[in-house]
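Taking it in order: structure first as structure tokens, then the write-up.
Side-chain atoms are counted along with the backbone in the values below, which use heavy atoms only and exclude waters and symmetry mates. Every chain is numbered from 1 and lettered A, B, ... according to where its sequence line falls, protein lines coming before strand lines.
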Number of protein chains: 2
Amino acid sequence: MRSHYCGQLESSLVDQSVTLCGWVNKRRDLGGLIFIDMRDRSGLVQVVFDPDQQALFDTANKLRQEFCIRLVGTVRARPESQVNKNMATGAVEVMATELEIISRAEPLPIDFNQQVSEEQRLRFRYLDLRRPNMNHNLQFRAKVTSAVRRFLDDNGFLDIETPMLTRATPEGARDYLVPSRTHKGKFFALPQSPQLFKQLLMMSGFDRYYQIVKCFRDEDLRADRQPEFTQIDIETSFMTSDQVMAVTEKMVRQLFNDMLDVELGDFPRMTWHEAMRRFGSDKPDLRNPLELVDVADLLTDVEFKVFSGPANDPKGRVAALKVPGKAEAISRKNIDEYTAFVGIYGAKGLAWMKVNDLSAGRDGIQSPVLKFIPDDALNGILARTEAANGDIIFFGADKTTVVAEAMGALRLKVGQDFELVSDEWRPLWVVDFPMFEEHDGRLHAIHHPFTAPVGVSPEELKANPEAALSNAYDMVLNGCEVGGGSVRIHNNEMQQAAFEILGIGKEEAQEKFGFLLEALKYGTPPHAGLAFGLDRLVMLMVGASSIREVIAFPKTTTAACVLTDAPGLANPEALAELNVAVTVKDND
Amino acid sequence: MRSHYCGQLESSLVDQSVTLCGWVNKRRDLGGLIFIDMRDRSGLVQVVFDPDQQALFDTANKLRQEFCIRLVGTVRARPESQVNKNMATGAVEVMATELEIISRAEPLPIDFNQQVSEEQRLRFRYLDLRRPNMNHNLQFRAKVTSAVRRFLDDNGFLDIETPMLTRATPEGARDYLVPSRTHKGKFFALPQSPQLFKQLLMMSGFDRYYQIVKCFRDEDLRADRQPEFTQIDIETSFMTSDQVMAVTEKMVRQLFNDMLDVELGDFPRMTWHEAMRRFGSDKPDLRNPLELVDVADLLTDVEFKVFSGPANDPKGRVAALKVPGKAEAISRKNIDEYTAFVGIYGAKGLAWMKVNDLSAGRDGIQSPVLKFIPDDALNGILARTEAANGDIIFFGADKTTVVAEAMGALRLKVGQDFELVSDEWRPLWVVDFPMFEEHDGRLHAIHHPFTAPVGVSPEELKANPEAALSNAYDMVLNGCEVGGGSVRIHNNEMQQAAFEILGIGKEEAQEKFGFLLEALKYGTPPHAGLAFGLDRLVMLMVGASSIREVIAFPKTTTAACVLTDAPGLANPEALAELNVAVTVKDND
């Protein structure tokens with residue numbers, strides 16, 4: 001029905017007749033002529049209707065925004081003075097010779113040129129998606145998935161589908177459950193990831209697997225979370241963690257090169273401990289130049305308990321965050337705000353110190369805590385942070401985890417508030433994670449229970465689990481974890497040891513993961529893998545602020561679809577067949 | 001960890017050292033040497049261990065079937081007499097120099113060389129998938145999806161994901177439901193297809209969409225059905241049905257050419273009415289030469305009510321199925337069996353006629369119903385069926401639908417029993433379906449309620465819905481429907497008319513499809529699409545007998561996964577959070 005897309009028209013087509021299909025993006029009546037910007041997925045082109053062709057002009061006169069039309073016309077060059085440099089097709093326009101109104105549009109419920117609430121955008125998503133930036137985001141996403149698939153296909157990875165109706169998976173988030181009709185009273189779970197299936201595929205000998213696959217978590221939503229999200233899921237056999245990192249790093253490097261013409265270079269590696277020490281985060285944003293500096297050893301003997309307490313606690317930490325040259329810019333009001341901000345992360349306060357004049361000794365330092373800090377400690381801090389006149393230093397003193405979270409968050413906030421974050425791409429690998437972390441009085445897997453430890457036997461692991469490092473790796477980009485993975489446990493004894501440490505008893509392990517423990521008995525290959533969050537990766541690449549901007553039909557923060565009005569009430573007969581009943585009277 | 005895959009080794013590598021990773025497929029001890037067939041996903045290679053290398057030989061002596069090993073060795077040519085022509089790598093073998101047992105295997109619970117129950121195969125699927133034909137099937141499937149994606153990417157189709165947690169869809173099968181935690185008492189449905197979302201994407205202007213996507217139907221399972229199945233889902237704007245058929249036909253043709261080196265040629269087209277008349281099926285298997293021949297007009301005046309009743313009923317049909325040359329081969333026992341067989345489809349009997357000697361007149365014909373058929377009718381039947389000596393003719397006489405189903409099925413069965421089905425690929429398009437079919441006293445959509453009729457206004461459609469043809473098309477291959485699609489309704493009035501005919505009242509339409517009716521108001525483009533059943537397509541291509549042979553982890557016929565033991569009991573706290581309760585006491 002069309003000969004060209006609107007966005008393809010250019011000077012080489014002048015004098016040619018073209019047939020276009022698309023929408024009226026805008027109409028202007030000027031000097032007795034009608035002009036429209038006609039739009040399709042490729043872009044816009046200007047069309048002119050001349051009153052000399054009366055019937056055609058009369059039809060054109062009916063055109064309104066978002067009418068769907070088919071148009072025949074002749075491409076002509078615009079006069080030099082009317083060339084529109086802001087429009088890809090701005091050097092030409094189409095002189096209309098035929099016009100068919102395919103379908104009319106009522107006045108739009110959302111205005112493309114105004115700020116519209118996200119609720120309204122989602123309710124009329126089919127219109128919202130007509131906006132050029134949403135159209136671009138989804139086209140870009142399609143190109144990303146296509147490029148990723150080609151890379152993986154070309155590197156011997158096999159796209160193998162795993163089940164959506166499956167057993168509860170052990171990722172630790174809440175599962176979406178699906179009642180079974182044929183097995184009364186039982187439920188499937190939607191997968192939080194294909195983790196166990198991809199491991200089984202390695203046991204089946206497929207060697208290299210990938211899948212771009214929907215995963216599900218029934219969590220309370222944050223800005224960058226969705227109940228269903230998409231993972232680029234990868235697993236390999238007989239490859240070391242270095243090899244898995246190399247091939248996936250190459251994939252991301254090639255993707256950025258192809259899609260954005262960006263050369264990411266070799267990704268640096270950083271241990272988890274270094275990341276926590278320098279940045280208070282396991283996903284440090286390296287575009288931000290600020291770093292934490294440990295100063296506990298300088299403060300063990302001060303009388304000020306706020307400092308000396310954590311400084312003498314093996315699980316405590318005292319860290320300084322220097323913000324160069326911002327002593328003046330950061331006001332008392334800012335500091336109050338930052339104090340409240342670190343409070344969110346459990347910090348009980350926020351000590352600070354402005355370096356006004358180093359040559360003036362203590363008189364050159366302004367700080368509410370100055371009186372508690374003796375000269376040698378003060379000089380030690382100033383030396384170690386390499387403080388200069390005009391700098392401000394913040395202090396966090398608390399449990400190690402609280403200091404890391406609070407000061408890590410403060411680092412990001414100050415960096416953002418004072419525009420210290422550079423405009424570049426800063427990827428890195430974070431490696432050498434601890435296997436386990438303790439909270440609520442028991443040990444939890446930092447990655448998942450199938451992650452292999454580095455260089456220990458099952459007995460050694462059980463003897464000192466908190467010291468063990470895992471053979472895991474996270475790919476971090478500009479402060480976002482875009483991918484994470486690990487070498488997996490490939491023998492039964494080690495897997496049983498990991499379950500035991502996590503407090504999963506023999507019986508529970510057998511009940512939940514019996515098939516995995518069984519499978520580990522039949523010549524399991526060493527295997528390792530990684531999963532990328534596709535939504536987040538694309539969001540970063542297009543510079544969007546939320547993954548909802550790169551998903552065609554996302555859910556709201558209450559996990560609803562306001563377009564189709566899902567979830568909805570179920571048919572009572574259907575529920576009866578499924579052997580379940582609703583236990584609430586009033587539906588919200 | 002490896003330098004080559006096993007299946008890659010060939011004569012050009014002789015004298016090279018190679019490192020392999022894989023499994024012990026088989027071990028043979030012969031003439032003081034140990035031979036193993038080593039396997040990875042690419043195939044097999046023979047490895048030899050020489051007792052001269054004592055430590056290595058001792059390790060080799062521990063090898064058992066399915067041990068996972070890493071091996072270093074030197075490729076050498078086999079002596080001419082020992083070349084194995086049945087093995088891709090049969091010209092060479094590897095002389096082992098190093099061996100590492102990566103992981104041992106207990107004796108296998110399933111024997112790869114014996115017929116094993118499907119239950120056992122699924123329970124130990126990770127082992128079953130090691131078998132070369134399953135490995136081949138899934139590798140083949142991955143290549144198919146990759147080829148399909150490349151074709152669609154290269155033809156301007158955008159891969160766009162649609163939601164898995166959505167509203168009940170109108171395909172008519174039972175939905176899988178997912179209780180919502182945040183919206184108490186409400187449920188998501190898993191999609192039976194992305195039908196409405198892909199239509200919305202056309203309204204958003206994406207022009208060409210595709211997705212290879214999981215769909216869900218909670219139906220009682222047959223051999224070729226699974227609760228979750230995979231669809232190649234396609235939708236286009238501004239394309240006619242001919243154009244959609246052309247591009248998808250090209251895709252399938254290219255796929256068969258690339259994957260199987262088969263040239264399918266141009267697909268013939270056949271109307272639904274012709275298909276039903278000649279083959280009693282809307283998905284005729286053209287490899288089967290048998291055809292139905294209508295003979296009602298010859299039998300209107302016979303006294304035999306079994307024939308004359310349907311022959312005079314406008315909704316009746318009398319059809320003959322001639323099986324050339326099988327009068328002798330088809331025994332009385334066969335006929336009894338076929339009579340029972342057509343009974344499954346509602347036929348009350350099966351008349352037959354053996355043509356022994358045409359030159360002998362009535363005496364040359366053997367048939368229990370011969371006495372009821374006067375000469376002119378008999379001669380008419382023999383002439384129209386072009387009967388020859390040695391042929392047998394079966395008759396179906398009943399309601400049109402019963403005759404089509406029963407005689408269509410008989411046609412297939414006889415074709416199979418007597419090996420009349422040729423070994424070739426016979427694709428075709430079935431077109432011009434009726435819009436609606438009547439059963440249970442009301443009209444149902446043959447495709448779905450969004451299918452556009454051909455050449456009628458909404459008023460005309462409502463006036464005579466049963467006469468309307470739909471702008472729908474099914475791609476049929478060797479008697480399987482591999483894809484189906486249609487032009488969609490793109491205006492509000494026609495959509496409301498279709499709903500009305502289907503007995504979906506204004507209120508119900510608004511409640512269920514209000515968003516679609518609303519969306520149709522804002523410049524909807526003409527759009528059309530198609531969906532292929534990927535599982536079935538791959539099954540046909542690899543020559544498997546069930547889609548379970550081309551799915552990594554399929555469900556059993558009771559919709560269970562015997563490997564992971566899904567579905568399972570749900571955690572009571574989880575159910576409480578979801579506001580649902582199980583209404584059965586005893587779990588099966």
According to salt bridge (charged side-chain N to carboxylate O under 4.0 Å, His left out), who are the partners of A/R141, at least two apart in sequence or on a separate chain? A/D535, B/E161
Structural part of A/D565 lying under 4.5 Å from a heavy atom of chain B: both
Quick one: does any side-chain atom of A/R41 pair with a main-chain N or O of B/D207 as donor and acceptor, under 3.5 Å? no
Under 30°, 30 to 60°, or over 60°: which ring-plane class applies to B/F197 and A/F553, parallel, tilted or perpendicular? tilted
A/N491 versus chain B, the contacting section by heavy-atom distance below 4.5 Å: neither
The single option from B/L158, B/D159, B/D153 passing side chain to side chain contact (heavy atoms under 4.5 Å, CB included) against A/T145: B/D159
Under 4.5 Å, counting heavy-atom pairs only, tell me which of A/S103, A/S204, A/C68, A/A142 racks up the most with chain B. A/S204
Please classify the contact between A/I101 and chain B as side chain, backbone, both or neither, with a heavy-atom cut-off of under 4.5 Å. neither
Tell me, for A/R39 versus chain B, whether the close heavy atoms (under 4.5 Å) come from the side chain, the backbone, both or neither. neither
Please classify the contact of A/L578 with chain B as side chain, backbone, both or neither, using a heavy-atom distance under 4.5 Å. side chain
Applying a strict 4.5 Å limit to non-hydrogen atoms, the region of A/L152 in contact with chain B is neither
Any non-hydrogen side-chain atom of A/P109 less than 4.5 Å from a side-chain atom of B/Y522? yes
Sort A/P107 into side chain, backbone, both or neither according to what part of it lies under 4.5 angstrom from a heavy atom of chain B. backbone
Under 4.5 Å from any heavy atom of chain B - which part of A/M164: both
Taking side chain as C-beta onward, heavy atoms only, is B/F238 less than 4.5 Å from A/D40? no
Chain B contact via A/R125 - side chain, backbone, both or neither, heavy atoms under 4.5 Å: backbone
Given heavy-atom pairs under 4.5 angstrom as the criterion, report whether the side chain, backbone, both or neither of B/E219 touches chain A. backbone
Please report the closest heavy-atom contact between B/K555 and A/F188, naming both atoms and the distance. CE-CE2, 3.7 Å
Proximity breakdown for A/E573 and chain B, heavy-atom pairs closer than 4.5 Å: neither
If you round to the nearest 0.5 Å, how far is CG of A/L520 from CD of B/E106? 11.0 Å
Check B/P179 against A/Y176 and note the closest heavy-atom contact, atom names and distance. O-CD2, 4.4 Å
Which answer fits A/Q65, side chain, backbone, both or neither, if we ask what part of it has an atom under 4.5 Å from a heavy atom of chain B? neither
Contacting region of A/C21 [heavy-atom separation from chain B under 4.5 Å]: both
Test: A/D175 and B/R181 ion pair at under 4.0 Å: no
Please determine whether side chain to side chain contact (heavy atoms under 4.5 Å, CB included) holds for the pair B/K214 and A/K214, giving the CA-CA distance in whole Å, both sets of side-chain angles, and the decisive distance to 0.1 Å. CA-CA 10 Å; B/K214 279 279 175 74; A/K214 278 279 175 75; over 6 Å; no
Give, as side chain, backbone, both or neither, the part of A/R2 having an atom under 4.5 angstrom from any heavy atom of chain B. side chain
